[in-house]
Protein chains: 2
Amino acid sequence: MVRFFCVSATACIKVFIFIYIYKNFLELLLTVAKKTTIYDIAKELNITVSTVSRALNNISSISDSTREAVVAMAKKMNYRPNKVASSLTSGKTYIIGVIVPSAQIHFFATVVHALEKYLKRFGYSIILYQSNESLESEQRGVDTLLEAQVDGIIASLSLETDEVSHFEKVKEEGKPLLIFDRTHDLLRSPSVTIDDEYAGYMATKHLIDQGYRKIAYITTTHQIKIFQERYAGYQRAIKEAKLKLRPEFIILGDLSVDGGFIGTNQLLQEKDRPDAIIGGDDFVALGIIKALHKHEITPPTIGVIGFANQSFSEHIIPSLTTIDQQAVQMGNECAKLFLKLLDKSKAIAPDEQVVLTPLLLERESTKK
Amino acid sequence: MVRFFCVSATACIKVFIFIYIYKNFLELLLTVAKKTTIYDIAKELNITVSTVSRALNNISSISDSTREAVVAMAKKMNYRPNKVASSLTSGKTYIIGVIVPSAQIHFFATVVHALEKYLKRFGYSIILYQSNESLESEQRGVDTLLEAQVDGIIASLSLETDEVSHFEKVKEEGKPLLIFDRTHDLLRSPSVTIDDEYAGYMATKHLIDQGYRKIAYITTTHQIKIFQERYAGYQRAIKEAKLKLRPEFIILGDLSVDGGFIGTNQLLQEKDRPDAIIGGDDFVALGIIKALHKHEITPPTIGVIGFANQSFSEHIIPSLTTIDQQAVQMGNECAKLFLKLLDKSKAIAPDEQVVLTPLLLERESTKK
DNA sequence: GTGAAAGCGCTAACAA
DNA sequence: TTGTTAGCGCTTTCAC
């Protein structure tokens, strides 16, 4: 096409000039068709913007007639409120920042799912920020969210997070901060967690009740509170049942299928083998089952239990007994508590701590 | 404590007055400690806000000395830019709206994960909105995001979505719209998808190559394009191999473990049983394996293949052959394309369509 | 290279 | 019940 016109250099230039003007004209058109504001509505109705604002926000002291007129005109003119502008004056964005280690981890995806679903009902949106298990990224996340003027932050700490000063900034700005699941002792703030000590206790106790006596535990090297707590619960149950706490039955490794697999192979080399193995999470438990399968052992011959109730746990063969982490409930509790924190009319409550109770799901892998 | 002071009614009132004043004083303190703005920096440095703004945004025509002074002062005064204010003037929020059916679905969680990770590097945040497979909610999502003045929207359609006018609004506002995975014929917009027809073909072809001849298919009743496409690919492979396309081998049901379980039981009642079964997704495939297990059949005796490469597929026994949906790659491609769309300097490209190639992951369930 | 000034679209006193 | 007015904190012309 262009080549068709370009019979000479001048013609070619003309074409380009034409294109240039045309382009600007198009842009002009786009610019002219700008969005309608409350100001436009006001002009159309011969009232002032404040009246329009009040009508639209359904604020008291507005006559039905004008409110209806405004609403009708707004619809007619295809008006869409600009939250950015209203945020600037009101100081509220109705956006909540959510920091999680990774949306790819099923537990966090589920919490985020529940959070968003719940908060939406109250007019809040969420900005999602992933720390990807990095402290530095988590710090940047807090900055990013505060710059975006979020109304508050809900976060679960990265594995790396060993200092929490970046979260203090949130409180300094007078904005609510809520920590869930992965907390930190130095961080005084409202939180929603699950009783991990009890989860560990529950898992171990269940095995004991099923008649298992030599219970091994494959967990992570990471010094995260929740894993330490689970281990503490394990110890408590073992002691309570007056069983021996054998160091050779505690395997530290990766929190993964491979971790479970390797750990199990190691355990099976003991001359006095365990008769049950607890996995640090369901993936570890899956690795345990795989390793047992390789040795032609099928649970519940050796009992296996996991943590987290992954979507597959119910369906593998044998189905996996596990401790449910109540992700949906945790999301809902977070949302509920957070809305309470946002409502500053209520007294500045001492940091409220919600602790959920884990749930034992008995399935085939421990059913003797 | 209070009771201690309240020896008389007047004393009591005094106490309350004291508390009241004290409270106001506290509030005053909080109010006074307001955030520093570029105006404060300007005053401190005896320059104007425009200079500060330019220095902070590292805009040309600013002397090194003043820029350094401003930056130093900003740090000293603990300045934090207010993106809401800058958005109001600049018209850009650096926030992108992401609409997915549910963050709880692993595929979408992974795409969101990749998206956020990628876009963050370019200064963008994302607001997450879940349609929860509801058209109405999806429509509200578009409105919410546009009101929040997002710079554009990336979306994957809900199962219910049979009309797409709500997405036209996005384009009307001159904002980029990108649809991924679940698209709609009526919606003309850039998209990132996977070649589902080929995925179906690939799965079927693989089974045929492995020597299976009587291949059944358990899929969903939902009229979603991607499932229809996979089925089309199945048909193509069957025809190409000159096999019979048997209606009794096509089971429509739920896309779930139960759906696979029920469908398989039905298939096994045929006098001429299939020797391989394709599941509409990995959960269906899991149900298939469970049902076969009940009948004491273990794949690959009857071959089983799924779609999506869920996290468990690799680890169940037998491990599941599946077609990977390239979720991470899809997220990355979406981000990449979207950044291109945001960069309007580039010509208004005709709706670009990125089509990813699915990936066959051969595992035990089909390894004859 | 810097300053002055006009908004962006809306809210929220304070008046009337 | 409605209008007037002054910003919210920042960007961005247009001068100088």
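As the structure is a computational prediction, the values presented were derived from the model and not from experiment. Numbers restart at 1 for each chain; the letters A, B, ... are given by sequence-line order, proteins then strands.
Looking at the side chain of Ile47(A), the nearest of the listed nucleotides dG3(D), dC10(C), dC10(D) is dG3(D).
For residues 39-82 of chain B, the set of pairs meeting the ring pair (Phe, Tyr, Trp, His ring centres under 6.0 Å) definition, not counting sequence neighbours, is empty. Residue pairs satisfying the salt bridge (charged side-chain N to carboxylate O under 4.0 Å, His left out) criterion with at least one member in residues 67-76 of chain A, sequence neighbours excluded, are listed as follows: Asp64(A)-Arg67(A).
In this structure, the CG atom of Asn82(B) is 8 Å from the C1' atom of dC10(D), given to the nearest Å. Lys83(B) places its NZ atom 11 Å from the P atom of dC10(D), with the value rounded to the nearest Å. The CD1 atom of Ile62(B) sits 9 Å away from the P atom of dG3(C) (whole-angstrom rounding). Summarising the geometry, the separation between CD on Gln149(A) and C1' on dG9(D) is reported as 9 Å, rounded to the nearest angstrom. Rounded to whole Å, the distance from CG on Asp40(B) to P on dC8(D) is 11 Å. Protein atom NZ of Lys35(B) is 8 Å distant from nucleotide atom P of dG9(D), rounded to whole Å. We find that CG of Leu56(A) is positioned 15 Å from P of dG9(C), with the value rounded to whole Å. Atom CG of Leu88(B) and atom C1' of dG7(C) are 9 Å apart (whole Å).
Qualifying salt bridge (charged side-chain N to carboxylate O under 4.0 Å, His left out) partners for Arg188(A), counting only residues two or more places apart in sequence or in other chains: none. Residues satisfying the side-chain contact (heavy atoms from CB on, under 4.5 Å) test with Ala69(B), not counting sequence neighbours, are Leu45(B). Applying the side-chain contact (heavy atoms from CB on, under 4.5 Å) test to Arg140(B) and every residue at least two apart in sequence or in another chain returns Tyr129(B), Glu136(B), Ser137(B). Looking at residues two or more places apart in sequence or on another chain, you find a side-chain contact (heavy atoms from CB on, under 4.5 Å) between Thr66(A) and Ile62(A), Ser63(A).
A salt bridge links Asp143(A) to Arg80(B): at least one charged side-chain nitrogen sits closer than 4.0 Å to a carboxylate oxygen.
Taking only side-chain nitrogens and oxygens, Tyr39(A) never comes nearer than 4.0 Å to OP1 or OP2 of dG7(C). Regarding contacts with the backbone of dG9(C), every side-chain N or O of Thr37(A) stays at 4.0 angstrom or more from both OP1 and OP2.
The 12-atom threshold is exceeded at NZ of Lys171(B), counting heavy atoms of other residues, nucleotides or ligands nearer than 6.0 Å.
Taking for each of Asn46(B) and Arg80(A) the nucleotide of DNA chain C with the nearest heavy atom, the 5'-most of the two is the partner of Asn46(B).
Rounded to 10 degrees, the angle separating the terminal axes of the helix from dG1(C)-dC16(D) to dA16(C)-dT1(D) is 30°, with each axis obtained from five end pairs.
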Tabulate below the donor-acceptor pairs under 3.5 Å that side-chain atoms of residues 117-128 of chain A make, not counting sequence neighbours, or state none.
residue: Lys120(A); atom: NZ; partner: Glu116(A); partner atom: OE1; Å: 3.2
residue: Lys120(A); atom: NZ; partner: Gln130(B); partner atom: O; Å: 2.6
residue: Tyr124(A); atom: OH; partner: Lys92(A); partner atom: NZ; Å: 3.4

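Nucleic acid contact for Thr48(A): base, since at least one base atom lies under 4.0 Å from a heavy atom of the residue.
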Letter per nucleotide, 5' to 3', of nucleotides 11-16 of chain D [B base touched, S only sugar-phosphate touched, - untouched; heavy atoms, 4.0 Å]: BBB---
